[in-house]
Q: 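A single structure is presented below for examination.
Scope of the values below: all heavy atoms of this structure, side chains included, with no hydrogens, waters or symmetry mates.
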Amino acid sequence: MDTPLSTIAVVGLGTMGTGIAEVLALAGREVIGIDISEAAALGAVASFEASTARAVGRGRITEEERAAALARFRTADTLQAAADAELVIEVVPETYEIKQQVFRELDAVVPPTTILATGTNALSVTRLAAESQRPERVLGLHFFNPAPAMKLVEVVSSVLTAPPAVEAVTALARELGKEPVAVGDRPGFVADGLLFGYLNQAAAMYEANYASREDIDAAMKLGCGLPMGPLALLDLIGIDTARTVLEAMYAESHDRLHAPAPILGQLSSAGLTGRKAGRGFYTYGAPGGQDVVPDALTPAAGAEAGAGRAVASVGVAGSGTMASGIAEVFAKAGYGVVLAARTQEKADLAKGRIAKSLERSVSKGRLSAEARDETLARITAAGSLDAFAEVDLAVEAVAEDLEIKQQLFAALDKVCRPGAVLATTTSSLPVVAIARATARPEDVIGMHFFNPAPAMKLVEVVRTVLTADEVHATVRAVCAKIRKHPVDCGDRAGFIVNALLFPYLNNAIKMVEQHYASLDDIDAAMKLGGGYPMGPFELLDVVGLDVSLAIEKVLHKEFRDPGLAPAPLLEHLVAAGCLGRKTGRGFREYARH
């Protein structure tokens, strides 16, 4: 069954098919591009000519290499042209009927040794293979768009696939400079299986009017380091395509998290399918364009809800990494800061941590020695909340425990002057329950910074049903002064970022529990296929498995969705004391220093 895969047919010359053909031809393969549309074939040739001309201009290939690659690519309008191919990759529209017809016709054309690969990301490879006369030679070969740039290729085996066929296409993927990951046959495979559940939840969050499209996208870009926000990504993928993938995933999993959000069906039915239509969640300058243009939902520039209160001094309660980071942020922005801890010693240690952070900034040339000294001079370390008597804004950053926070806010209520804004940095607790510990819940708001606070630009501004408009406006203005990007959200578990991030992480754990894919393959798939800065298991170990489990439990308790129940493997690791990097072992083991 060994075959060199030197002649390869690509069936379907849309964007993906053209990209795959280009990758293959540049890697020295003879490529037959097949499409019933003459316009598609001509477009593929023109696209290949243009992209290789750009590559020559940028010095990536020579003119001779370009000419040779172009000579290796020819087009045809019938599957008969695949007769000599050792591998056929189909990337025709995502329907069983069309793909099964292609496979049936190929059975009559190609030799018995030819490998037949489907580029599907939503349909069952097993079902497609079962329709073929040679199911052992059928597998999935899922490239990511744009194929020339994206490194990930998912190699999908069905229960019918012969191992030598898998080995042959895996070797080919490596020769193409790609990173192949081995996965089993289920809708979405690894990357899309994790990605589309997250995208679906973001669409549902927007549909519920919980947060604006701009705030949802900004939150995930700034809070998680993602290259695109989920709603902008849905527009890029195609809202109709996303709905098709989710329908297939839901049919398999019956997980409510995969049931397509109604808005995806509504937009698809209205023809508002994203960039390709010129309008989806956002409006674009032209169909197929990428420039977002203002529409009726675009926030007016500089529009803030009313005037806020004057803030000159800030109190930060806590002595941990988050508290010292927040105090540093405010002091750098010119605010007088009182950093209060349970003891003077703890407060002094927290200020010392800030001094070290500022010193690192000086050594890296990001901050002058004069600015360092001025920043430190604005910070007063105190061993009691009594020092907050005259602050205009009090921000707590103590343990993520409702009872502890309620006790602290009851104390702030007694100490802080009337009119002071009281903010909690909670990431998962109900802000209103904290506010009710005071006699002035209208002055209480959530101000969720991300760690490390000096570096992370995002602040989730969490209003309760009792928060005054004036308080909300005050915090928005303060965020602008400290050069943070505020996003508004309501008072429900997880706010924006954690509500979208942790179900995704939980689903990755479930994949490992089910022996569907390895930790390394899942991490690689999300970094290479989704553009994530870290794979889910890398991130879980950094965040801490105990912290992750606590957030998962809060989400499950609030939303009562069975799909949000923490994965048992996560609970077992936490029970065993394997909490991630901080204990030297989580999903992976780490060297102790």
Q: Under the 3.5 angstrom rule, does the side chain of Gln406 hit a backbone N or O of Ile434 as a donor-acceptor pair?
A: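 No: the side chain of Gln406 does not pair with the backbone of Ile434.
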Q: Side-chain contact, heavy-atom cut-off 4.5 Å: Phe281 with Leu264?
A: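 Yes. Closest side-chain heavy atoms under 4.5 Å.
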Q: Determine the minimum heavy-atom distance between Ala567 and Asn506, stating which atoms define it.
A: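 Shortest heavy-atom contact: N-OD1, 2.9 Å.
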Q: In terms of side-chain heavy atoms, does Thr283 have a donor or acceptor partner in Asp295 at a distance below 3.5 Å?
A: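 Asp295 and Thr283 do have a side-chain donor-acceptor pair below 3.5 Å.
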Q: Determine whether more than 12 heavy atoms belonging to other residues, nucleotides or ligands lie under 6.0 Å from atom CD of Glu390.
A: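 Count not over threshold, so no.
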Q: Does Arg342 CZ have over 12 foreign heavy atoms under 6.0 Å away?
A: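 No.
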Q: Checking Asp488 against His472: is there a side-chain donor and acceptor pair closer than 3.5 Å?
A: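 Per modelled atom types, His472 and Asp488 side chains form a pair under 3.5 Å.
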Q: Please name the pair of heavy atoms, one in Pro227 and one in Gly531, separated by the smallest distance, quoted to 0.1 Å.
A: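 Nearest pair, atom of Pro227 first, then Gly531: CD-O, 3.2 Å.
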Q: Measure the spacing between CE of Met150 and CD of Glu179 and express it to the nearest 0.5 Å.
A: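 So the CE of Met150 and the CD of Glu179 are separated by 12.5 Å.
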Q: What do you reckon, are the aromatic ring centroids of Tyr198 and Phe502 less than 6.0 Å apart?
A: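 That pair fails the under 6.0 Å test.
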Q: Evaluate the side-chain proximity of Leu199 to Tyr504: yes if any heavy-atom separation is below 4.5 Å, no if none is.
A: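 Of all side-chain heavy-atom pairs linking Leu199 with Tyr504, none is under 4.5 Å.
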Q: Show, in sequence, the C-alpha distance, side-chain angles and deciding distance for Phe189 and Tyr516, and conclude whether the ring pair (Phe, Tyr, Trp, His ring centres under 6.0 Å) test is met.
A: CA-CA 9 Å; Phe189 312 129; Tyr516 176 67; 8.0 Å; no
Q: Would a 4.5 Å heavy-atom cut-off, applied to side chains only, mark Val512 and Leu519 as touching?
A: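 In contact.
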Q: With respect to Asp469, which candidate in Arg476, Arg309, Arg463 satisfies the salt bridge (charged side-chain N to carboxylate O under 4.0 Å, His left out) definition?
A: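 Exactly one option meets the salt bridge (charged side-chain N to carboxylate O under 4.0 Å, His left out) with Asp469, and it is Arg463.
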Q: Please determine whether side-chain contact (heavy atoms from CB on, under 4.5 Å) holds for the pair Met220 and Leu500, giving the CA-CA distance in whole Å, both sets of side-chain angles, and the decisive distance to 0.1 Å.
A: CA-CA 8 Å; Met220 298 313 292; Leu500 295 178; 3.9 Å; yes
Q: Would you say the side-chain atoms of Asp192 pair up with the backbone N or O of Leu195, donor to acceptor, closer than 3.5 Å?
A: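 Looks like no, no N/O pair under 3.5 Å.
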Q: Between Asp491 and Val431 (side chain of the first, backbone of the second, donor and acceptor by atom type, cut-off under 3.5 Å), is there such a pair?
A: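 Yes; at least one donor-acceptor contact below 3.5 Å.
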Q: Assess whether atom CZ of Arg213 is packed by more than 12 heavy atoms of other residues, nucleotides or ligands within 6.0 Å.
A: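 Yes.
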Q: Answer yes if the side chains of Arg378 and Ser313 hold a donor-acceptor pair under 3.5 Å, and no otherwise.
A: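 Arg378 vs Ser313: no donor-acceptor pair found between side chains.
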Q: Under the side chain to side chain donor-acceptor pair (under 3.5 Å) test against Thr426, which residue among Glu400, Lys405, Glu396, Glu460 passes?
A: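 Output: one option passes, namely Glu400.
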Q: As a quick check of understanding, evaluate side-chain contact (heavy atoms from CB on, under 4.5 Å) for Asn200 and Leu257, giving each step before the final call.
A: CA-CA 7 Å; Asn200 192 40; Leu257 298 178; 5.8 Å; no
Q: Just wondering, more than 12 heavy atoms not from Gln290 lying within 6.0 Å of its CD?
A: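 Not more than 12 within 6.0 Å, no.
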Q: Ignoring hydrogens and geometry, is there a side-chain-to-backbone donor-acceptor pair from Arg275 to Asp291 under 3.5 Å?
A: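 Flag not set: sc Arg275 to bb Asp291 has no pair under 3.5 Å.
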Q: Any heavy-atom pair between the side chains of Glu538 and Lys527 that's under 4.5 Å?
A: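 Touching, per the 4.5 Å side-chain cut-off.
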Q: Give a yes or no on whether Arg588 atom CZ has more than 12 heavy-atom contacts from other residues, nucleotides or ligands under 6.0 Å away.
A: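 Count over threshold, so yes.
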Q: Please check this pair: side chain of Arg483 against backbone of Ala480, looking for a donor-acceptor N/O pair closer than 3.5 Å.
A: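 Here the side-chain-to-backbone pair does not exist.
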Q: Say you draw a straight line from CG of Asp217 to NZ of Lys221; how long is it, rounded to the nearest 0.5 Å?
A: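 These two atoms lie 7.0 Å from each other.
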Q: Distance-only, no hydrogens or angles: does the Glu558 side chain make a donor-acceptor pair with backbone N or O of Ala493 under 3.5 Å?
A: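 Such a contact is found between Glu558 side chain and Ala493 backbone.
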Q: Tell me, do Ile509 and Phe537 make a side-chain contact under 4.5 Å, heavy atoms counted?
A: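 Contact flag for Ile509/Phe537 side chains = yes.
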Q: Would Gln407 and Glu403 count as a side-chain contact (heavy atoms from CB on, under 4.5 Å) if you check the C-alpha gap in whole Å, the side-chain angles of each, and the deciding distance to 0.1 Å?
A: CA-CA 6 Å; Gln407 289 172 358; Glu403 190 174 340; 3.6 Å; yes
Q: How close do Thr583 and Gly577 get, counting heavy atoms only, and between which atoms?
A: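 Taking Thr583 first and Gly577 second, the nearest heavy atoms are OG1-O, 3.6 Å.
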Q: Between Tyr282 and Tyr284, what is the ring plane arrangement, given parallel below 30°, perpendicular above 60°, and tilted in between?
A: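 Correct class here is perpendicular.
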Q: Take Met534 and Val542 through the side-chain contact (heavy atoms from CB on, under 4.5 Å) test and state the conclusion after the steps.
A: CA-CA 10 Å; Met534 300 176 81; Val542 168; 3.5 Å; yes
Q: Please round to the nearest 0.5 Å and tell me the distance separating atom CG of Leu412 and atom CG of Leu422.
A: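 If we round to the nearest 0.5 Å, Leu412:CG and Leu422:CG are 6.0 Å apart.
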Q: Would a 4.5 Å heavy-atom cut-off, applied to side chains only, mark Val153 and Leu528 as touching?
A: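 They are not in contact (no side-chain heavy atoms under 4.5 Å apart), so the answer is no.
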Q: Short question: side chain of Ser319, backbone of Ala347 - any donor-acceptor pair under 3.5 Å?
A: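 Not confirmed, Ser319 side chain does not pair with Ala347 backbone.
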Q: Under the side chain to side chain donor-acceptor pair (under 3.5 Å) criterion, do Arg436 and Thr464 qualify, and how do the steps go?
A: CA-CA 11 Å; Arg436 290 296 301 276; Thr464 76; over 6 Å; no
Q: Begin from the C-alpha positions of Asp215 and Tyr210 and carry the test side chain to side chain donor-acceptor pair (under 3.5 Å) through to its verdict.
A: CA-CA 10 Å; Asp215 279 355; Tyr210 175 69; over 6 Å; no
Q: Return the minimal non-hydrogen interatomic distance between His485 and Ala218, and the atom names on each side.
A: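 In terms of heavy atoms, the two residues are closest at NE2-CB, 3.6 Å.
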Q: Side chain of Asp413, backbone of Ala439: donor and acceptor closer than 3.5 Å?
A: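 The answer is yes, because a donor-acceptor pair under 3.5 Å joins these two groups.
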Q: Check whether any side-chain heavy atom of Lys582 sits under 4.5 Å from a side-chain heavy atom of Val547, and report yes or no.
A: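 They are in contact (side-chain heavy atoms under 4.5 Å apart), so the answer is yes.
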Q: Which atoms form the tightest heavy-atom contact between Ile496 and Ala219, and what is the distance?
A: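 For Ile496 versus Ala219, the nearest heavy atoms are CG2-CB, 3.6 Å.
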Q: Roughly how far, to the nearest 0.5 Å, is CG of Asp373 from CG of Leu358?
A: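 It is 9.5 Å, given to the nearest 0.5 Å.
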Q: To the nearest 0.5 angstrom, please state how far the CG atom of Leu339 sits from the CZ atom of Phe388.
A: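 Here the rounded value is 7.5 Å.
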Q: Identify the residue among Val311, Val314, Val338 that makes a side-chain contact (heavy atoms from CB on, under 4.5 Å) with Val391.
A: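 Looking at Val311, Val314, Val338, the match for Val391 under the side-chain contact (heavy atoms from CB on, under 4.5 Å) is Val338.
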Q: Can you tell me if CD on Glu207 sees more than 12 non-hydrogen neighbours from other groups inside 6.0 Å?
A: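 Atom CD in Glu207 is packed in, count exceeds 12.
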Q: Assess the side chains of Tyr335 and Asp392: does a donor N or O sit below 3.5 Å from an acceptor N or O?
A: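 There is no such pair between these side chains.
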Q: Decide yes or no for Lys351 and Asp348: does some side-chain heavy atom of the first lie under 4.5 Å from some side-chain heavy atom of the second?
A: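 No. Closest side-chain heavy atoms not under 4.5 Å.
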Q: Tell me if a side-chain donor or acceptor on Glu154 pairs with a main-chain N or O of Val190 at a distance below 3.5 Å.
A: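 Checked: pair present.
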Q: Ser357 and Glu328: which non-hydrogen atoms are nearest, and at how many Å?
A: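 Scanning both residues completely, I find the closest heavy atoms to be OG-OE1, 2.8 Å.
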Q: When rounded to the nearest 0.5 angstrom, what distance separates CD1 in Ile239 from CG in Leu234?
A: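 Separation between the atoms: 6.5 Å.
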Q: Could you tell me whether a side-chain N or O of Glu552 sits under 3.5 Å from a main-chain N or O of Ala565, the two making a donor and an acceptor?
A: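 No: the side chain of Glu552 does not pair with the backbone of Ala565.
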